[in-house]
Visitor: 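Attaching a single structure in structure tokens format; questions to follow.
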Amino acid sequence: ANFDILRRIGKKVVEVEAHNLFIFKKKILRYNLIVDALLGVGLRGGARGIYKEMIECVNSSGVPVISVDVPSGLDADTGEAPGACVKARETVTFIAAKRGMFIKQGPRMCGRIVVDTLGVPFSAVKSLAAHTNKGE
């Protein structure tokens with residue numbers, strides 16, 4: 001929805017996919033901002049293939065990055081970045097911050113962390129955390 005809103009108000013938005021990665025690499029320095037929404041919180045093992053290439057290109061560009069939910073390549077639970085990982089200036093995460101954002105490589109990769117609760121009450125988040133932490 002936000003992607004469409006930006007287009008409607010006249011902002012130039014480029015969606016990068018495998019077929020246009022070469023063009024993205026050539027033009028990346030022209031961009032004012034990169035929104036990282038490449039990989040989700042369920043990543044295990046590390047970015048490979050075209051995802052690894054995209055992350056390396058983004059990191060070497062010097063263009064500011066905002067990551068959506070968690071930087072691509074960062075394990076949201078462990079804070080490990082076992083391969084290429086986006087280094088964000090800011091990460092906007094949803095419902096609650098993820099544990100991995102605060103340990104190991106997490107703080108360095110996330111930058112400033114902003115939590116959008118999406119209207120979920122804290123009591124629901126606390127209840128869910130109690131059931132998923134397994135005594136930690």
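Numbering of residues begins at 1 and proceeds along the displayed sequence.
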Visitor: Is it the case that atom CG in Asp4 sees more than 12 heavy atoms from other parts of the structure closer than 6.0 Å?
Guide: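 It does: Asp4 CG has more than 12 such atoms within range.
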
Visitor: Kindly say whether Ser61 contributes a backbone atom to a donor-acceptor pair with the side chain of Asn59 at under 3.5 angstrom?
Guide: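 Looks like no, no N/O pair under 3.5 Å.
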
Visitor: So do Val65 and Lys87 actually touch side chain to side chain, heavy atoms under 4.5 Å?
Guide: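 Side chain of Lys87 against side chain of Val65, heavy atoms only: no contact under 4.5 Å found.
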
Visitor: Quick check on side chain to side chain contact (heavy atoms under 4.5 Å, CB included): which of Val35, Leu38, Val92, Leu39 does Val68 satisfy it with?
Guide: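 So, applying the side chain to side chain contact (heavy atoms under 4.5 Å, CB included) to Val68 and each of Val35, Leu38, Val92, Leu39, only Val35 qualifies.
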
Visitor: If only atom types and distance count, is the side chain of Ser67 paired as donor or acceptor with the main-chain N or O of Thr91 below 3.5 Å?
Guide: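 A pair under 3.5 Å: no.
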
Visitor: I'd like to know whether Ile66 forms a side-chain contact (heavy atoms from CB on, under 4.5 Å) with Arg89, so could you lay out the CA-CA distance, the side-chain angles of the two residues, the decisive distance to 0.1 Å, and finally the verdict.
Guide: CA-CA 6 Å; Ile66 295 178; Arg89 178 177 287 182; 5.9 Å; no

Visitor: Is there a donor-acceptor pair closer than 3.5 Å between any side-chain N or O of Thr93 and the backbone N or O of Val70?
Guide: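 Not a single qualifying donor-acceptor pair exists.
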
Visitor: How close do Pro71 and Cys110 get, counting heavy atoms only, and between which atoms?
Guide: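 Looking at all heavy atoms of both residues, the shortest contact is CD-SG, 3.7 Å.
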
Visitor: Could you measure the distance from the CD1 atom of Ile34 to the SG atom of Cys57? Nearest 0.5 Å is fine.
Guide: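 If I round to the nearest 0.5 Å, the distance is 7.0 Å.
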
Visitor: Any side-chain to backbone donor/acceptor pair from Asp36 onto Ser72? Under 3.5 Å, distance only.
Guide: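 The answer is yes, because a donor-acceptor pair under 3.5 Å joins these two groups.
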
Visitor: If you group Ile, Leu, Val, Met, Phe, Trp and Tyr whenever their side-chain heavy atoms sit less than 4.5 Å apart, what else falls in with Ile113?
Guide: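 Listed partners: Met101, Phe102, Val115.
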
Visitor: Rounded to the nearest 0.5 Å, what separates atom CG in Leu74 from atom NZ in Lys104?
Guide: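 NZ of Lys104 is found 11.0 Å from CG of Leu74.
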
Visitor: Determine whether Val86 and Ile103 fall in the same hydrophobic cluster, where Ile, Leu, Val, Met, Phe, Trp and Tyr are linked whenever their side-chain heavy atoms lie under 4.5 Å apart.
Guide: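 No, separate clusters.
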
Visitor: Checking Thr78 side chain against Glu80 main chain: does a donor-acceptor pair fall under 3.5 Å?
Guide: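 At least one qualifying donor-acceptor pair exists.
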
Visitor: For Tyr51, look at atom OH and say whether over 12 heavy atoms of other residues, nucleotides or ligands are found less than 6.0 Å away.
Guide: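 At most 12 heavy atoms, drawn from other residues, nucleotides or ligands, come within 6.0 Å of this atom.
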
Visitor: Write down the atom of Lys52, the atom of Ala84, and the distance for their closest heavy-atom approach.
Guide: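 Here Lys52 and Ala84 meet closest at CG-CB, 3.8 Å.
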
Visitor: Can you sort out the partners of Arg30 under salt bridge (charged side-chain N to carboxylate O under 4.0 Å, His left out), two or more places apart, ordered by chain and number?
Guide: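 Testing Arg30 for salt bridge (charged side-chain N to carboxylate O under 4.0 Å, His left out), a comparison that skips the adjacent residues, returns none.
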
Visitor: Quick one: which residue pairs count as a salt bridge (charged side-chain N to carboxylate O under 4.0 Å, His left out) with a foot in residues 59-75, not counting sequence neighbours?
Guide: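 Every salt bridge (charged side-chain N to carboxylate O under 4.0 Å, His left out) pair that includes a residue of residues 59-75, provided the two are not neighbours, is Arg44-Asp75, Asp69-Lys98.
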
